[in-house]
Amino acid sequence: MAGNFATPDIPLLVLRYSANGGSAMAVVDSRYLRAVLQLAIQEGDLYLKVGNLRMGLDGRVSNAPIPELSEAFAQRASNSHPYTVIAGSPTGSVENHLLNYTLPFLALTAAGGLFVGLICYRLLGRPSSPRTILRRALEAKQFEPFLQPIVDACDGRWVGAEVLMRWRLPGEGLIRPDLFIPMAERTGLILPMTRDLMQQVAAVLAPHAADLPPHCHLGFNISAAHCRDPQLLDDCRSFLAAFPPGSIELWLELTERELIEPTEESDQLFQQLSAIGVKVAIDDFGIGHASLNYLQRFKVDALKIDQSFVQHIGADTLSGHLLDTLVELATRLDIDLVAEGVETKAQLDYLQALGIPYLQGYLFGRPMPAHEFMPALHQHRNAVGDTIDHQQ
Ligand code: G
Ligand code: G
Ligand code: MN
């Protein structure tokens, strides 16, 4: 019944049992029934049907026909009492249910899959661009300075060193610069890489500044990109500032293989570099095409004669003539000369006789890790001292 006169809005389920001229009645409040119905189902509709009346989940009693429940329809009649329970969902509700409840779950699954995928991708080592590989190597401090001594041609004393970059790749050992410098130049990473190299050299050598040769030459190779980068000036300033004033000479080696385009910008940069005492050398000189004009425009302080000339000493007369001409040119322009790639005593004698003031090559020392430079310098000094003592 939809209610009685005491509680007209609250339906009641009444069970009457008659026997022996008397009857007993049990009344169940619909609020209780409703709670039971709601507990019995999570999705869809549920009706309790008694006679031609039915009560839905909303707790209302009506004799209107039950709406069509085409999906997941189920009907169960009680064996002991005259009531039926009817369950199901109206047409289209399954799709709605999927949309409402499964879609977020599907999205979550997709996101989880993507996340796991990304982790695998990282762990398996994703294919990276050269720039990423170099940048990671730089962050991991894998680029190291190696120092090769530069000596005074007259007495073989060490006057400084050229800094050569090496890539210490875990599992691969040392990688030669020819293999990665071109990539570093193309990606622009050569700028931070050189900066890092300068900082490392300063950190290793500055504590021994008093022990270095006087006005110790320290040469860094720079690329065309550096000449368009005003930060080079700051990098050089910081490098010089790490040492007591006047204790070192900073050299920048510009290779003749890739001549840089002189512009107003580069002119200004080189003037400023010169003003703070930085020297400029043309590297691998003789195999490119630097003109006199070029040498003057960059206020070049030294030429590093390409190894090929030194290697041909004695083998062909042309190299000898070219070396003569270079010495003459350097004297006229008041430019220093460094001969590179000196490997034999014969080459040393020849270059000495020509009057080339500075030499570099395996004969005097191979490129060595920066931290080995000071011990090697001491050893060299002891050896030279011994020879002088011996001669006296
Ligand atoms: O170091 P090695 O002995 O392999 O030198 C090979 C070449 O790599 C040389 O031509 C040298 O000028 C170049 N190189 C070495 N270190 C540097 C560097 O720090 N910067 C640039 N731009 N070139 C370098
Ligand atoms: O910057 P530059 O291109 O000048 O680099 C010097 C290169 O020459 C480096 O690769 C260095 O290892 C190499 N080198 C230095 N001394 C000698 C030498 O005596 N013989 C040979 N073959 N190579 C040398
Ligand atoms: Mn060089």
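Counting starts at 1 for both ligands and their atoms, following the listed order. Each residue takes its place number in the sequence, starting with 1.
Asp283 has its closest N, O or S atom to the Mn ion (ligand 3) at the position named OD2.
Hydrophobic clustering of Ile, Leu, Val, Met, Phe, Trp and Tyr side chains at less than 4.5 Å, counting indirect connections, unites Phe143 with Phe220. There is no path of hydrophobic side-chain contacts, each under 4.5 Å, that joins Ile150 to Leu351. Criterion: ILVMFWY side-chain heavy atoms under 4.5 Å apart, direct or through other members. Under it, Ile41 and Leu48 are part of a common hydrophobic cluster. Both Leu250 and Leu212 are part of a single hydrophobic cluster, where members link through side-chain heavy atoms under 4.5 Å apart. Leu329 and Leu254 fall within a single hydrophobic cluster, where Ile, Leu, Val, Met, Phe, Trp and Tyr side chains are chained together by heavy-atom contacts under 4.5 Å.
Atom 20 (N) of ligand 1 has its closest protein heavy atom at Asn221 O, 3.3 Å. Here the heavy atom of the protein found nearest to atom 6 (C) of ligand 1 is Asp178 OD1, 3.4 Å. Annotation: atom 2 (P) of ligand 2 to nearest protein heavy atom, Asp283 OD2, 3.5 Å. The protein heavy-atom contact nearest to atom 1 (O) of ligand 1 is Arg166 NH1, 2.6 Å. Residue, atom and distance of the protein heavy atom nearest to atom 12 (O) of ligand 2 are Pro367 CG, 3.7 Å. Among protein heavy atoms, atom 16 (N) of ligand 1 sits closest to Met165 N, 2.9 Å. Nearest protein heavy-atom neighbour of atom 9 (C) of ligand 1: Arg257 NH2, 4.4 Å. Nearest to atom 5 (O) of ligand 1 among the protein's heavy atoms is Pro177 CG, 3.5 Å. Among protein heavy atoms, atom 11 (C) of ligand 2 sits closest to Leu164 CD1, 4.1 Å.
Not counting sequence neighbours, Tyr362 has no partner by the ring pair (Phe, Tyr, Trp, His ring centres under 6.0 Å) test.
With values rounded to the nearest 0.5 angstrom, Arg366 atom CZ is found 12.5 Å from Leu164 atom CG.
In this structure, Ser223 is part of the shell of residues with a heavy atom less than 4.0 angstrom from ligand 1. Residue contacts with ligand 1: His226 is excluded, as none of its non-hydrogen atoms falls under 4.0 Å. Residue Gln311 places a heavy atom under 4.0 Å from ligand 2.
Considering every non-hydrogen atom in both Pro82 and Val50, the closest pair reads O-CG1, 3.9 Å. A pairwise comparison of heavy atoms in Glu253 and Asn221 identifies OE1-OD1, 3.1 Å as the closest pair. For the pair Gln360 and Pro149, the tightest heavy-atom approach, listed with the atom from each and the gap, is CG-O, 3.6 Å.
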Could you pull out every donor-acceptor pair under 3.5 Å between side chains of residues 172-180 and any protein atom, sequence neighbours left out?
unit_1, atom_1, unit_2, atom_2, d
Arg176, NH2, Asp178, OD1, 3.2
Arg176, NH2, Asp178, OD2, 3.0

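Where the criterion is an N or O separation shorter than 3.5 Å, residue side chain and backbone included, Arg176 fails it with respect to ligand 2. Between Gln360 and ligand 2, no N or O atom pair is found at a separation short of 3.5 Å.
Heavy-atom contacts of Glu343 reach the following atoms of ligand 2: 18 (C), 19 (O), 20 (N), 21 (C), 22 (N) (cutoff under 4.0 Å). Each of the atoms 15 (C), 16 (N) of ligand 2 lies under 4.0 Å from some heavy atom of Gln148. Atoms of ligand 2 found under 4.0 Å from any heavy atom of Asp284 (numbered from 1 in listed order, with element): 2 (P), 3 (O), 4 (O). Set against the non-hydrogen atoms of Leu197, the atoms of ligand 1 under 4.0 Å away are 19 (O).
At a cut-off of 2.8 Å, Glu253 coordinates the Mn ion (ligand 3) through an N, O or S atom.
Here Tyr358 and His217 bring their ring centres to under 6.0 angstrom of each other.
Between the choices Phe364, Phe146, Tyr362, Phe220, the shortest heavy-atom distance to atom 18 (C) of ligand 2 belongs to Tyr362. Nearest residue to atom 14 (N) of ligand 2 from Gln307, Glu340, Glu162, Lys304 is Gln307 (criterion: closest heavy atom).
For Glu343, the CD atom is densely surrounded, since the number of other residues' heavy atoms within 6.0 Å is greater than 12.
Under the 4.5 Å side-chain criterion, counting only non-hydrogen atoms from C-beta, Leu269 is not in contact with Glu265.
Contacts between Glu253 and ligand 1 below 4.0 angstrom, taking non-hydrogen atoms only, are absent altogether.
Glu162 contributes OE2 and Asn221 contributes OD1; the angle these two atoms make at the Mn ion (ligand 3) is 90°, rounded to 10°.
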